[in-house]
Amino acid sequence: MFKDSKISQRLRKLEKHLEQENPILSDVVQNFRELDSISRRIGFFHREESHATRTPWWPLISVLGIYSAGKSSFINHLLQYNLQAVGIQAVDDKFSVICYTRDKKERVLPGLALDADPRFPLYKISQAIEEVAKGQGEHIDAYLQLKTCPSEKLRGKILIDSPGFDADDQRTSTLRITDHIIDLSDLVLVFFDARHPETGSMRDTLQHLVKATVNRRDSNKFLYILNQIDVTANEDNLEEVFAAWQRALAQYGLTAGTSYAIYNEDAAITFDNENVRARFESKREADSSAIYNRIEQVGVERAYRIVGMLEQTARMMKQDVVSRLRRFKEDWRRKVLWLEGAILAALLVSFLGLTIWGGYWEGFSLSLPFLDLMTRNHYTLYVTLAILLAIVGYLHIRLRRWAAKKVSAKLLAEVKNTDLHPNYQRAFRKNSRWWRSIFWPHPAGWGKRTAAGLEKVLDDSNAYIQRLNDEYTNPSGRDKIEQTIDQQEPAEMQRSDFSLTGSVKAVQDQRDPLTSKN
Ligand SMILES: Nc1nc2c(ncn2[C@@H]2O[C@H](COP(=O)(O)OP(=O)(O)OP(=O)(O)O)[C@@H](O)[C@H]2O)c(=O)[nH]1
Ligand SMILES: [Mg+2]
C-alpha cells in the first residue's frame, strides 16, 4: 500500500487539532496542501517539504527583557500557576516554550522536542543556530526547553519565557534565537526594571530589543513594559523614573506607542502610604488590563496572520517562483539557440572556406570524394546519418547542460537572500532535464490545472478573511465594530486584493484601547 509521507501525517494532526480550536484555520491547512502539491509538481518542493511547516500556527507570545525584570513572575501570574522559577539572581538560562497540556501536571521536555516538531515554533531552530555558531546546533538542549502546563489560561496559545538579557556574555546563539522568536511572535513583551530604568545594564537590551524593532513593519506587536514600579513607591517618584525610562527608549528611536508601567502584586513591596498604594494600584490595573487585552487578542491576530501567510505564499508561487522560472527558462533557451547558431555558422563558414581552398567547387556544384564514398549505398548513407545525428545530439545535450549550469548560477545569485535557493535549484534542474524541450515556454509541471489551483487558493484566502471578519467582528461589540469597518473600508471588503492589515487594524483599533494610546 502507498505509504503515507511523514509530512502528510503531520498535517493531518495539525488539522485535527485546529478543528477544535478554529475550524477556519483547519480549512486553511487543506489549501496549504494544495500549494504543496503545486510546488511538488513544478519541482520546487520534494516530497517531505510543505509550506505549512514554514508557518507558525500557534499564537505565540514571547516575554523578553533584561534579567531579573520579573519576566517569569509575570508569566506565573498570567497563568495563575507556579510554573517558572523566579529569583533575585539570574534564574533562567534557557528559553522555555510553554504549551498547554490536558495532563494534570506540568512536564519539562528537552529542546530537541521543539526542534523536531513543525507544530511548535522553533522547528529546525538548530539549523539556524548552526549557521551563526558552528557546532552549537547539536547543543540545542542547552538553549531550549519545552514546558507543558495545565493552566486553562494557556489554552490555544504558546508562551516563551526567555533568559534575561545580560549582554556581557550573550552568546551569538542566544541572540539568534531571540531574533527568531521575535520574527515568529504575534506579541512581544519587552520587560524593563524600574529599579534601574536607565543604567548600563539596559544598554544592550535597548540596542537589541528596541533599536532593532522600532522600524519593523510589525512594530505594533511590541509592548514595552516597565516592571517593578512598586519600588518607586517609597520615594513616590514614579513619574521621574518613568520619564527617565521613556527618555532612554526615545534615544533608541521609540518615541510613541505602546509602553506600560506595572508591577507584580505577588512580589511587590508593602506600601506604607494608603494614598500612594491606591494610586499605584490603579496604574497597575489600567496598564495590566491593557496588556492582558492584547494577549487575549492574539488568537485573532494569529488567524488573520495565517490566512495572510496563505495568500502571500500563493502570490509568491505565482509572481516570484513561476515567473522567475519562466524568465530563466527563456534565458536558457536563448543561450542554447545563440550558441548552437554560432557553432553552426562557424562550421559552415569553415566548411565553405576549406572546400573552396581545396578546389572542390566547380561553379555551384561541389564534389567531395568522401561524400561519394558515404552515399555509395543505403547502408553507408544510413550509418553516416546515424553517426552525424549522434554527434549533433550529443553536442546539443552537452551544450544545453552547460548553458543550464550558467543560467542556474545566475538564478541562484538572484535568490541568494532567500532561504529558498535549494528549491529554485531543484525546480530549474527539473526544467533542464535532457528530455525537456527548450521551446516549451512554461515551467515543467505548470499548466492550466496548476494555474487554476493557485487561483483557487487566492480566492479561498479572500473567503477566509470574510469568514474571520464575520466571526470576530460580530459577536462582541457587534455594532460598533461593524460600523467602523463599514465606514472605513466599504469597498475594501469586496476587493480581491483586500488589505489584510487594514482589516485587522480596524478590528483591533476598536477592541483594543492601546492603539489609541500615545
Ligand atoms: N518588587 C518587585 N519585585 C518583583 C516584581 N516582579 C518580580 N519581582 C522579583 O524580582 C525577582 C526576579 O523575578 P523573575 O521573575 O525571576 O525575573 P526574570 O526576569 O524572570 O529573571 P531571569 O529569568 O533571571 O532573567 C524575583 O525575586 C521576583 O520576586 C515586582 O513587580 N516588584
Ligand atoms: Mg526568568
Side-chain angles (χ1 to χ4, degrees), residues 61-98 106 108 111 142-147 149 151 154 158-171 174-175 177-178 181 188-197 199-206 208-210 223-238 241-242 245 259-273 276-277 279-292:
I61 301 158
S62 54
V63 182
L64 307 172
I66 56 172
Y67 67 95
S68 284
K71 301 178 293 296
S72 303
S73 313
F74 176 86
I75 287 179
N76 288 348
H77 189 77
L78 174 75
L79 298 181
Q80 313 259 290
Y81 194 99
N82 201 5
L83 180 73
Q84 293 295 83
V86 297
I88 304 160
Q89 297 292 316
V91 173
D92 288 306
D93 58 349
K94 284 183 198 168
F95 291 87
S96 310
V97 176
I98 306 170
E106 77 254 23
V108 182
Y143 299 102
L144 290 176
Q145 59 188 0
L146 171 62
K147 281 194 173 180
C149 165
S151 162
L154 192 58
I158 292 182
L159 285 181
I160 298 187
D161 190 9
S162 58
F165 221 87
D166 177 16
D168 286 348
D169 73 337
Q170 203 66 247
R171 288 164 290 189
T174 312
L175 288 180
I177 299 176
T178 306
I181 288 174
V188 182
L189 312 182
V190 187
F191 268 67
F192 294 85
D193 177 349
R195 287 173 301 178
H196 18 242
T199 55
S201 66
M202 248 181 77
R203 205 163 301 133
D204 294 285
T205 313
L206 288 166
H208 206 86
L209 297 178
V210 181
L223 308 186
Y224 301 92
I225 299 169
L226 183 63
N227 193 31
Q228 312 207 13
I229 57 166
D230 56 296
V231 297
T232 67
N234 286 340
E235 292 183 39
D236 199 6
N237 62 346
L238 174 59
V241 170
F242 192 75
W245 176 60
S259 57
Y260 306 92
I262 58 167
Y263 61 91
N264 189 319
E265 56 196 301
D266 308 334
I269 57 162
T270 41
F271 292 90
D272 297 335
N273 183 317
V276 176
R277 187 187 62 80
R279 257 194 299 125
F280 272 72
E281 262 179 16
S282 82
K283 174 71 179 158
R284 190 203 68 224
E285 265 161 32
D287 282 20
S288 301
S289 70
I291 296 168
Y292 284 3

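In listed order, ligands and their atoms are each counted from 1. Keep in mind that what you see is a predicted model, and the values were worked out from it rather than measured.
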Chemist: Using a 4.5 Å cut-off on heavy atoms from C-beta on, say whether the side chain of Ile262 contacts that of Ile291.
Modeler: yes
Chemist: Taking C-beta and beyond as the side chain, do Tyr260 and Leu226 meet within less than 4.5 Å on heavy atoms?
Modeler: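 With C-beta onward as the side chain, the pair stays apart.
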Chemist: Please determine if the Mg ion (ligand 2) has an N/O/S atom from Tyr67 lying under 2.8 Å away.
Modeler: no
Chemist: I'd like to check which ligand 1 atoms, numbered from 1 as shown, lie under 4.0 Å from a non-hydrogen atom of Tyr263.
Modeler: 31 (O)
Chemist: Within ligand 1, which atoms have a heavy atom of Ser73 less than 4.0 Å away?
Modeler: 7 (C), 13 (O), 14 (P), 15 (O), 28 (C)
Chemist: Within ligand 1, which atoms have a heavy atom of Gly164 less than 4.0 Å away?
Modeler: 25 (O)
Chemist: Tell me whether the centres of the aromatic rings in Phe74 and Phe191 are closer together than 6.0 Å.
Modeler: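 Ring centres of Phe191 and Phe74 closer than 6.0 Å.
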Chemist: Tell me whether the NZ or CZ atom of Lys283 lies within the 45° cone about the ring axis of Tyr263 and under 6.0 Å from its centre.
Modeler: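 Verdict for Tyr263: no cation-pi partner in Lys283.
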Chemist: Mind checking whether Gly87 has an N or O less than 3.5 Å away from an N or O of ligand 1?
Modeler: yes
Chemist: Below 3.5 Å, N or O to N or O, backbone or side chain included: is there any such pair between Gly70 and ligand 1?
Modeler: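 It does: an N or O of Gly70 is found under 3.5 Å from an N or O of ligand 1.
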Chemist: Look only at interatomic distance and state if Lys71 has a nitrogen or oxygen under 3.5 Å from any nitrogen or oxygen of ligand 1.
Modeler: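 Yes - when backbone and side-chain N and O of Lys71 are compared with those of ligand 1, one distance drops under 3.5 Å.
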Chemist: Which of the listed options, Asn264, Ile269, Leu64, Asp230, holds the heavy atom that is closest to atom 32 (N) of ligand 1?
Modeler: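 Minimum heavy-atom distance to atom 32 (N) of ligand 1 goes to Asp230.
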Chemist: Atoms of ligand 1 less than 4.0 Å from Tyr67 heavy atoms?
Modeler: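 Reading through ligand 1 atom by atom, the close ones are 25 (O).
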Chemist: Any idea which part of Asn227 is under 4.0 Å from ligand 1, heavy-atom wise: side chain, backbone, both or neither?
Modeler: side chain
Chemist: With the threshold set at 4.0 Å, does a side-chain nitrogen-carboxylate oxygen contact exist between Arg279 and Asp236?
Modeler: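 Salt bridge present between Arg279 and Asp236.
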Chemist: In Å and rounded to the nearest 0.5 Å, what is the CD1 to OG distance from Ile75 to Ser151?
Modeler: 11.5 Å
Chemist: Please determine, by modelled atom types, if Gln84 and Asp161 share a side-chain donor-acceptor pair under 3.5 angstrom.
Modeler: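 Judged by distance alone, the side chains do pair up.
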Chemist: Do any nitrogen or oxygen atoms of Val86 lie less than 3.5 angstrom from nitrogen or oxygen atoms of ligand 1?
Modeler: no
Chemist: Using the side-chain hydrogen bond (donor to acceptor under 3.5 Å, both in side chains) criterion, which residues pair with Gln145? Sequence neighbours excluded.
Modeler: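 Residues passing side-chain hydrogen bond (donor to acceptor under 3.5 Å, both in side chains) with Gln145: Ser96.
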